[in-house]
A.B. asks: 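I'd like to ask you about the structure that follows.
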Amino acid sequence: MAYEALDFFDVDALLSEEELMVRDMVRDWVDEKVIPNIEQHYLDGTFPREWIQDLGEMGILGMVIPEEYGCAGMSYTAYGVVCRELERGDSGLRSFASVQGSLSMHPIHKFGTEEQKQKYLPRMATGELIGCFGLTEPDYGSNPGGMITKAEDKGEHYLLNGAKMWITNGTICDLAIVWAKLDGEIRGFIVEMGDEGFTAPEQKGKHSLRASVTSELVFQDCKIPKDRLLPEAKGLSGPFSCLNRARFGIAWGSIGSAQACFDAAKKYSLERIQFNRPIAAFQLIQMKLATMLREITKGQLLAYHLGLKVDQDDWIPEFVSLAKMNNVDIALDIARVARDIHGANGVTSEYPIMRHMNNLESVKTYEGTHDIHNLILARHITGIQSFTRNLK
Amino acid sequence: MADIAVLLKQVPDSNAKIVVSGGRLDEGSVNKWSMSPYDEYALEAALALGGSITAITCGPERAKKMLTDAAAVGVTELMHIVVDDLTTLDSNQVSSILTAAVQKTGATVVFCGKQAADTNAGSIGPSVAEKLGAACVTMVSELSGDSSGFLALRPSANGMERVAVSAPCVLAFDKMSTELRRPNVKGIMMAKKKTIEAMSVSDLGVDIGSSSVTLDNQSPPAEKPAGQKFEGAESVASVVSKLRDEAKVI
Ligand SMILES: Cc1cc2nc3c(=O)[nH]c(=O)nc-3n(C[C@H](O)[C@H](O)[C@H](O)COP(=O)(O)OP(=O)(O)OC[C@H]3O[C@@H](n4cnc5c(N)ncnc54)[C@H](O)[C@@H]3O)c2cc1C
């Protein structure tokens, strides 16, 4: 049955005509190409190349970057809408677009040289080159500042040593944005697949984001030419600038997952008969549906307003933390309740529910866990950081 | 390549819920309007040939959105004949309007769908051809062409036939095997900048007379009876008799 996107307050009516056209373009593509195939890809643990090509042809990879680099120069709101529509299909698909656009193209555009921009961005916009973002390490997740991956200046080149973990698109990447310490300071490097001493084995056995490639990045005396340093990024503000943009996309994207779960739960509850009545006629189910609608509507308003603030360039990272945290949280709750409403059917690949639910567990953890975003907000309120015991 | 005029109609999306109240389609209840599917093939065929294309629609204000969609996939000129309620016109009047619009563009080649997905009348192509004094090829499912003319595949009494035709001509398209092109973000940004040439029927200076058709009543199709389930070898005889006598398929 055709997807009906819940939009109780008609929030999409606030979008511009071109944002609506982009929404419809992506929604139609997801209906046509993703929905019929996603369950199998999820079960097989694969992410099809063909989708990457389509994303490139639609022009949505790095779509906020200006036209001079082969991108569209569209609004952040449009990017949010795209994330929402992609994640209605699958969080793994949205993850691909986030990593390519916000985590790989953005740092090149913001911190790179003109040569680096010209060399990589136009081909990344078409999906010909795939990027990944290596920040997390086996022993440094929420605390990336402690990273041990290190770069040394060897005169002719940099020498990179260390390992990254949980890196989306790692195995399939053509280039990796790698964060490493150079003389104790965090810097960004462009490492190309094929650089000596760089390998990216896939991490298997995920129960979540199965239709997304997750990898280790290993650097063993990996030589990096001097012109692959991102000159303008120094310290943690470099990677955080990328993360804020990706988190923005997640704040919108998670609403897409929630809408998909709501749509399925509404239809299922109207069709499923128990005790001679559709289960939708029982008050307990009605309350669950009403709660879903309530939370999705609030999340939509939050995402829309965040889009407005970012497009007006009048925002602080804490806005993004709040929206990412809230919207993933409600999406995960909604997915779990939708799973419950589907009974036994809810655990199968006949319905999208458990896939969304499992995906959202990763989405809750990556790009700053729920806890970390609470700490960010609380630091904003109190002026006291409590990430570490060192209360300075 | 000769300039091509493509006739497009905006109809309720094939997934949209249709509500009939008081013997009329309730337009307000249609949540999504789209380009009629056969028209999409007409448009695709024109875009595949390249050259200058004018998309023409006759319909209410909301039809502008469909013209912008056409611009997003590459149409260069957009023309909107504004008619608030198409149901007050009969097919003959609509084809007179569209013929005048085509003449205004100067195009000698016209592409359209074989029928619109809402009324399924199928009269516009042949009727515009008649009024233009142009050749007409209907139910086209494959097309090749150059500046000297077109080669169109269409069904014949005993299979398929390939018809050669040159301008002035009207081609009415069926579903084709080619994939329809999708818009992209850049196309959408360009489309926003395109102007739609909007005009009324009187601006066109065409006399369409009065409608000779009155729409009496619209009603939703009858509900399908519930399916029946048969199990085991003993039901074969009853299934066969139902297929023969009730469904009349064997
Ligand atoms: C599928 C997937 C894809 C990913 N893709 C990427 C990628 O492309 N690039 C990349 O760099 N990383 C990626 N990550 C890694 C992700 O960003 C990290 O997993 C995340 O930052 C959390 O780190 P961790 O797993 O080490 O958990 P930890 O930091 O060990 O956290 C464990 C728990 O402790 C809590 N915690 C930690 N510190 C505190 C504190 N100070 N106060 C209170 N609670 C605390 C956390 O909230 C969490 O509940 C990905 C992860 C997954 C699952």
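Lettering of chains follows the sequences in order, A, B, ..., and the numbering in each one begins at 1. What you are looking at is a predicted structure, and each value in this text was computed from that prediction instead of being measured.
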A.B. asks: Is it true that atom CG of B:Asn217 has more than 12 heavy atoms of other residues, nucleotides or ligands lying nearer than 6.0 Å?
C.D. replies: yes
A.B. asks: Just wondering, more than 12 heavy atoms not from A:Gln312 lying within 6.0 Å of its CD?
C.D. replies: yes
A.B. asks: Determine whether more than 12 heavy atoms belonging to other residues, nucleotides or ligands lie under 6.0 Å from atom NZ of A:Lys117.
C.D. replies: yes
A.B. asks: Tell me whether B:Glu179 at atom CD has more than 12 heavy atoms from other residues, nucleotides or ligands lying less than 6.0 Å away.
C.D. replies: no
A.B. asks: By a 4.5 Å heavy-atom criterion (distance strictly below it), what part of B:Asp69 contacts chain A: side chain, backbone, both, or neither?
C.D. replies: both
A.B. asks: Rounded to the nearest 0.5 Å, how far does CD of A:Glu57 lie from CZ of B:Arg181?
C.D. replies: 11.5 Å
A.B. asks: Search all heavy atoms of A:Gly59 against all heavy atoms of B:Asn184 and return the closest pair with its distance.
C.D. replies: N-CB, 4.4 Å
A.B. asks: For atom NZ of B:Lys32, decide whether the heavy atoms of other residues, nucleotides or ligands shown that lie under 6.0 angstrom number more than 12.
C.D. replies: yes
A.B. asks: Given a strict heavy-atom distance threshold of 4.5 Å, which part of B:Lys17 is in contact with chain A: side chain, backbone, both, or neither?
C.D. replies: side chain
A.B. asks: Using only non-hydrogen atoms and a strict under-4.5 angstrom cutoff, which residues of residues 3-35 of chain A touch chain B?
C.D. replies: A:Glu4, A:Glu17, A:Glu18, A:Met21, A:Val22, A:Asp24, A:Met25, A:Asp28, A:Trp29, A:Glu32, A:Lys33
